Amino acid sequence: MGGNDAPLPMSSDDRPTTRDAAAPRYDHTEVDPRWQQRWDDDGVFRAERRPGREKRYVLDMFPYPSGAGLHVGHPEGYTATDILSRFWRMKGFDVLHPMGWDAFGLPAEQHAIETGTHPAQTTHKNIATFRRQLKMLGFSYDWSREVDTTDPGYVKWTQWIFLQLFQRGLAYQDEVSVNWCSALGTVLSNEEVVDGLSERGHHPVVRTPLRQWMLRITAYADRLLEDLSLVDWPDGTLTAQRNWIGRSEGAEIKFAVDGHGGADVAVFTTRPDTLLGVTYVVLAPEHPLVAKITTPAHKAAVDEYVARSARRSDRDRTAVVKDKTGAPTGALAVHPFTGEKVPIWVADYVLGGYGTGAVMAVPGHDERDFAFAKAFDLPIVEVVSPDGALHGALEEAFVDDGISVRSGEFSGLTTADCMKAVIRRLAEVGRGGSVVSYKLRDWVFSRQRYWGEPIPIYFPVDLEDPNGDPRKGAKHVVRFDQPIPVEAHELPLRLPDLVDFRPGDDPAGPLARAVDWRYFQKDGRWYARETNTMPQWAGSCWYYLRFLDPRNADEAFSPEAYDAWMNVDLYVGGAEHAVLHLLYARFWHKVLFDIGRVKHPEPFRKLVHQGMILGEDNEKMSKSRGNVVNPDDIVKAYGADVLRLYEMFMGPLEAVKPWQKAQIQGVVRFRDRLWAVCGRDAVDGIDEETRRIVHKTIRKVTRDVEAMAFNTAISAMMVLVNHLTALPELPREAACALVLLVAPFAPHVAEELWLKLGHPTSLALEPWPTWDEALCVEDVVEMAVQVNGKVRGKVRLSRTAGEDEAREAALAAEGVAAFTAGKAVRKLIYVPGKIVNLVVG
RNA sequence: GCCGAAGUGGCGGAAUGGCAGACGCGGCGGACUCAAAAUCCGCUACUCGAAAGAGUUUGUGGGUUCGAGUCCCACCUUCGGUACCA
């Protein structure tokens, strides 16, 4: 099945053939590694700035080096960026095209728990596999800039950036409600909790507050939203980021609690105009006022309800939209305008983490409040009318804008006017005002894990016995309220070597057991290091900056290196990172902007997501489905160029598309035909038609590469190969242009052909071919003749033919007369070179 | 539900408002071969027709236009994301 089978013995040495004497097949097992070695030896792809040149920074989302090795999904985006990198080099740009490893993460730690192998060891092995696989595909990375997020030389600067955040008050500690599973001794994500039990092992999970490090990304919410206008990103991704930030304008309104002097329930609403329609107020179960205001008669039921909610994960709480649950507190809220008293309820349809954790319920004009009011038989009042008239009992909530009714002085106002009027009045009576709320929450930045960057913070330790040693179990208290940053010159703070990576019964994580690492004495006082580590996102937040200056030991990157390459001109990666990674990286970038380390407000100018490659069964590739394709197998059988060409020929880069083994044959043939036709003896001189096709192909391929329409570029090159194959002789001019065009896509076969065409040096820096527009056009073209919009005939006409000539030719065209006979031509549409349309009747 | 993307031959897909189906896979026929594979050449949307030819066709229904896969309106389906955000 391979393309390099030895030819079978032939009975005759001069069998007739349309080809030149049987040229040897393209032997990828010999040619591919030879060129890869040569590029490496000659440092062809080392990124360097030269005076007078423009630059391009072409970035891939770097991979997590998993134990499974490279997946066919990886080379899709990587081939796309490699084509552009090679193309831009040939166009004379200085190109920075780096690769590295996002190497912290859970799988290596899980593997360590199961086998005792240190995660660093697993990671190094996996990286070696990934590096080998990427090199075998012939990507033109500048390997001298390779970075690894787990390398102490990298961790140092990740920690340094954390300290910048800490010093600016953007990193802080807070008690956060997490999913704690005591049986597994670990904190679980929402996805890992099903029906209150751990997905693994089905152990009970409770929501419990745990001390966590937080990053104040909300302080940047507005800038993260506004600066989206500065980037060239897919619409869907921009929308996803906007929705995630979730800015909404509204009002905060204070309701006094009856009988609790001074206690207010603040609510957030986007519809202050419906204030007169409030029939009850709802607190989230975790709202601090719940315990305070619940009356003795309702205490037992409310406590029970709050406890029940705590057992449900966020996911479960939000899963069932229909069934509303809740409990009355017995307390009453005082309406800020009317003084009317409405009941205060606790219900988990109100989220503790959004707005103020409390809402004013307007069942007439909010679907959720309506459902709740129906469930608990609470009054529903119409205060916004579509037409200004009063209506009786509402069948459903009316949530659109309209005219305010039953709203006293505000009646008759439109929704927009009423909102303004209510907000003005709220300010007058000191019960609230307009406010902007965000869905975006601060970022929980700590993990109770081993294999991550240690957070470079320590805390004083208070010992019961001043001579005690906390490492030996002396009773002590860690003063988490007094965090102290590690001195910059002491970075990196390295992970201790552990042999046991299992999580313990202590939510502080495995590092808590490394007592010799954790506790240390300074000036006679004991201190304890932070035992939480950073999440995997941390390293990927700034790796694009480290690529600028990856070996710098004195700073994360130098200003010179920054100016030389930033910012990122093209960033390619999966849409699964549309929100989190890209938002976190933008956030860190803006912090670095504020401290003057970077000069662009946004790091990634243009972003493209490659579409997922599905298995042959049209399902997501996965081990369990057994539909995974291994790039090693494809390269072994057909060579690197075929895998690259196939993945680009499958369809548009952004589209989701299934792997189809049979289709590979098409690009194998293309590669072999290219090899065969360009391997013939080239002659000088070229016929007109061939020259036109060559120029048109150069134009098409150039434009398609710039537009990242690689599938159609390959198709155009196939057309040229097919044309050249049919020629009796190979024009050198055509062969050279074709080989250069192919080079970014299939660099190995292109280099080898370039050599055979008589060029001793690599084509990697050869100028990209140019086309002459005048040579692309044909003077006489065949055009369709339509009668009343239907094609009835063909006509050969000069592009410069006038309208009269066109009319005459069209009427005379074969097959047209039958449809025009006896009818008058009422109108003639003539688009030179395109169409003649006779409108008759 | 909301947001986003997409619906075109047997299949992957191509078409600045101007001959729908480029290119490729597969299929059919032919050349080469003792034969097969590989390779090369030709044909290949559907219906009716012996053929010439005619008609139909880009998820559905309307509309704009001399002309619509492409633009507008309404709807259906699939995929991806999101989930009571007040």
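Remember, it's a predicted structure, so these values are computed and weren't measured experimentally. Letters A, B, ... are given to chains in the order of the sequence lines, protein chains preceding strands, and every chain is numbered from 1.
The separation of B:rG59 from B:rA6, taken at their P atoms, amounts to 13 Å, rounded to a whole angstrom. To the nearest whole angstrom, the two C1' atoms, one in B:rG13 and one in B:rG24, are 8 Å apart. Spacing between B:rG12 and B:rG17 at atom P, rounded to whole Å, works out to 25 Å. To the nearest whole angstrom, the two C1' atoms, one in B:rA54 and one in B:rG49, are 9 Å apart. B:rU8 sits 14 Å from B:rU70 when the P atoms are compared, rounded to a whole Å. Taking atom C1' on both B:rG30 and B:rC48, the two are 29 Å apart, rounded to the nearest angstrom. Using atom C1' as the reference point in both B:rG18 and B:rA68, the two lie 10 Å apart (nearest Å). Rounded to whole Å, the P atom of B:rU47 lies 29 Å from the corresponding atom of B:rC41.
Contacts of A:Arg826 with the nucleic acid, taken as non-hydrogen atoms under 4.0 Å apart, are absent. Heavy atoms of A:Gln663 sit under 4.0 angstrom from at least one base atom. If you check every strand for non-hydrogen atoms under 4.0 Å, A:Ala240 touches nothing. Backbone-only engagement by A:Ser248 is indicated by non-hydrogen atom pairs under 4.0 Å involving sugar-phosphate atoms exclusively. Among the atoms of the strands shown, base atoms are found under 4.0 Å from some heavy atom of A:Glu782. Contact annotation for A:Asn722: backbone-only contact, meaning every heavy-atom pair under 4.0 Å involves sugar-phosphate atoms and none involves a base. A:Arg247 comes within 4.0 angstrom of nothing in the nucleic acid, heavy atoms only. At the heavy-atom level, A:Pro652 lies under 4.0 Å from the strands shown only through sugar-phosphate atoms. Within 4.0 Å of A:Asp369, counting heavy atoms only, lies no atom of the nucleic acid at all.
Ion pairing between a basic and an acidic side chain is recognised when a charged N comes within 4.0 Å of a carboxylate O; A:Glu778 and A:Arg796 show no such pairing. Salt bridge absent: A:Lys661 and A:Glu616 never bring a charged side-chain N and a carboxylate O closer than 4.0 Å.
A straight line from CD of A:Glu616 to P of B:rG26 spans 13 Å, rounded to a whole angstrom. For A:Glu619 and B:rU78, the CD to P distance is 14 Å, given to the nearest whole Å. The interatomic distance linking A:Ile829 (CD1) with B:rU65 (C1') rounds to 10 Å, in whole Å. Atom CG in A:Leu720 sits roughly 12 Å away from atom P in B:rG24 (whole-Å rounding). Atom P of nucleotide B:rC25 and atom NZ of A:Lys661 are separated by 16 Å, given to the nearest angstrom. Nucleotide B:rA14 holds its P atom 14 Å from the CZ atom of A:Phe710, rounded to whole Å. The separation between A:Met650 atom CE and B:rG24 atom P is 18 Å, rounded to whole Å. In this structure, A:Met718 atom CE and B:rC25 atom P are separated by 7 Å, rounded to whole Å.
Figure legend. B:rG67 is base-paired to no nucleotide; pairs are counted as Watson-Crick or G-U wobble with both atom distances under 3.5 Å. Remark: B:rC32 base-pairs with no nucleotide; criterion is Watson-Crick or G-U wobble with both hydrogen-bond distances under 3.5 Å. Pairing for B:rC79 goes to B:rG4, judged as Watson-Crick or G-U wobble with the two contacts each under 3.5 Å. Using Watson-Crick or G-U wobble geometry with both donor-acceptor distances under 3.5 Å, B:rG55 finds its partner in B:rC46.
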Tabulate atom names and distances for all N/O pairs under 3.5 angstrom spanning the protein and nucleotides 67-77 of chain B.
none

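Among the nucleotides B:rA54, B:rC19, B:rC84, the one closest to the side chain of A:Val791 is B:rC19. Taking only side-chain atoms of A:Pro658, from C-beta outward, the nucleotide of B:rC66, B:rC84, B:rG12 with the closest atom is B:rG12. Across B:rC23, B:rG13, B:rA86, the shortest atom-to-atom separation from the side chain of A:Asp366 is found for B:rA86. The side chain of A:Tyr349 lies closest to B:rC84, out of B:rC84, B:rC40, B:rA86. Which of B:rC23, B:rG18, B:rC41 sits closest to the side chain of A:Val831 comes down to B:rG18.
Listed for the A:Arg644 side chain is a donor-acceptor partner under 3.5 Å among the backbone atoms of A:Phe745. With hydrogens and angles ignored, the 3.5 Å screen pairs a side-chain donor or acceptor of A:His365 with a backbone N or O of A:Phe398.
Under 3.5 Å, the side chain of A:Lys794 and the base of B:rC19 form at least one donor-acceptor pair of N or O atoms.
Between the side chains of A:Tyr438 and A:Asp222, at least one donor-acceptor pair of N or O atoms lies under 3.5 Å. Between the side chains of A:Ser248 and A:Tyr354, at least one donor N or O sits under 3.5 Å from an acceptor N or O.
Minimum heavy-atom separation, A:Leu225 to A:Arg247: CD2-CD, 3.5 Å. Shortest non-hydrogen contact noted between A:Asp704 and A:Ala713 is OD2-N, 3.3 Å. Between A:Pro744 and A:Ile83 the shortest heavy-atom distance is O-CG1, 3.4 Å.
The glycosidic torsion of B:rG9 lies within 90° of 0, placing the base in the syn range.
Note: A:Trp345 and A:Phe372 have perpendicular aromatic rings, judged against thresholds of 30 and 60 degrees for the angle between ring planes.
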